[in-house]
Amino acid sequence: MTAPAPPDLPVIVLAAGQSKRMRGADKLLELVDGMPLLRRQASMACDVTKGPVLVALPPRPHPRYQCLDALGVNRIPVEDAAEGMNASIRTAIAALPEGAPAAMLLLGDLPELTEDDLRQVMAAVDLDSEVLIWRGATQAGKAGHPIVFSARLFDALKTISGDSGGRSVVKAAGNNVRLVPLTGHRARMDLDTPEEWAAWRARQTG
């Protein structure tokens with residue numbers, strides 16, 4: 001017997017980064033598929049679960065809050081967001097509903113991920129197995145996103161610090177990590193500078 005991910009699996013969208021390399025622009029507000037990238041990611045999260053979608057954001061006020069208007073998401077301010085990604089993970093994991101058996105983490109800045117990719121990673125989950133982490137990967141097998149963490153790791157995730165993106169927790173899970181290959185490179189394809197965005201847009205229209 002297997003125990004698949006429940007239909008109300010919580011999804012966390014990590015979107016509290018400072019976008020420093022964009023030189024004044026905000027990569028999460030760049031338009032992708034006709035909407036700000038952050039709204040696109042949050043909308044996908046809402047479409048793949050009947051459960052809560054938590055979006056980790058910088059402290060108010062910030063324009064990222066407005067781009068989520070009218071979406072059924074929980075906007076979670078990360079007061080120590082400047083520390084790095086682990087502050088967002090800590091804060092969002094602590095805000096999960098009690099009893100959640102697992103949660104998906106989705107980076108806000110992966111513009112090529114699709115709803116089907118999220119569903120494919122969710123479909124790989126077996127909560128009765130020894131696996132603790134189910135992780136999207138590139139077609140070539142390089143680990144990426146999204147990531148589903150078993151609740152057995154929540155306590156560890158609440159204690160991480162810095163900007164490692166929970167790497168220490170993933171490393172400690174050892175062989176209890178299952179990679180789920182997704183098409184192409186989109187599990188890792190982020191855009192951090194205006195030049196990278198310009199080159200990516202050129203490829204989309206080329």
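Remember, it's a predicted structure, so these values are computed and weren't measured experimentally. Numbering starts at 1 and runs along the sequence shown.
When side chains are defined from C-beta on, Q18 does not count as touching P58, because their heavy atoms never get closer than 4.5 Å. Residues V55 and Y65 form no side-chain contact, since every pair of their non-hydrogen atoms from C-beta on lies 4.5 Å or further apart. Contact of the S88 side chain with the I12 side chain is not registered, since no non-hydrogen atoms from C-beta on lie closer than 4.5 Å. Taking 4.5 Å as the limit, every side-chain heavy atom of L110 sits out of range of all side-chain heavy atoms of R186. In this structure, the side chains of S129 and T2 stay at 4.5 Å or more apart for every pair of heavy atoms. Using a 4.5 Å heavy-atom cutoff, the side chains of T49 and P10 are not in contact. Taking the side chain as every heavy atom from C-beta outward, H62 and L57 never approach each other to under 4.5 Å.
Judged as a side-chain hydrogen bond (donor to acceptor under 3.5 Å, both in side chains), and not counting sequence neighbours, the contacts of R64 are D26. A search for side-chain hydrogen bond (donor to acceptor under 3.5 Å, both in side chains) contacts involving R167 returns nothing, not counting sequence neighbours.
By the 4.0 Å N-to-carboxylate-O rule, D33 lies too far from R39 to be salt-bridged with it. Taking a cutoff of 4.0 Å between a charged side-chain nitrogen and a carboxylate oxygen, D80 and R90 qualify as a salt bridge.
The side-chain hydrogen bond (donor to acceptor under 3.5 Å, both in side chains) contacts involving residues 152-162 comprise S150-R152, where partners must be two or more places apart or lie in separate chains.
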- Task: Step by step, work out the salt bridge (Lys or Arg N to Asp or Glu O under 4.0 Å) result for D47 and R119.
- Result: CA-CA 10 Å; D47 287 342; R119 293 187 185 280; over 6 Å; no
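Side chain of R188 to main chain of A143: a donor-acceptor pair is present (N/O by atom type, distance under 3.5 Å, no hydrogens or angles).
Smallest separation of non-hydrogen atoms from L106 and L113: CD1-CD1, 3.6 Å.
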